[in-house]
Amino acid sequence: MQSAHPQFQAASLPADDPRFMAALDLQIAQMRRVLELMAPSSANTDFGHVPFGERMQAVASHG
């Protein structure tokens with residue numbers, strides 16, 4: 001898969017960096033939103049025909 005921004009490089013933050021917890025909280029919130037959108041009760045009909053377990057495997061394989 002090609003990136004839209006090939007010059008972008010993510011840098012790791014050490015756990016003692018004050019920005020670490022904020023970055024971690026943001027990432028957790030983003031993943032919760034993804035899971036919410038993919039949940040079986042979701043109004044998202046784009047993937048409604050795909051079983052929930054298969055959707056979770058797809059998300060896990062791209063992380």
### salt bridge (Lys or Arg N to Asp or Glu O under 4.0 Å) pairs, two or more places apart, involving residues 20-33
R33-E36
### Query
With a 4.5 Å heavy-atom cut-off, do V59 and M31 have their side chains touching?
yes
### Task
Quick one: closest heavy-atom pair of S61 and A58, and the distance?
OG-O, 2.9 Å
### Query
So, for V50 and R55, which heavy atoms are closest and what is the spacing to 0.1 Å?
O-NE, 3.0 Å
### Residues which pass side chain to side chain contact (heavy atoms under 4.5 Å, CB included) with L24, listed by chain and number, not counting sequence neighbours
F20, M21, I28
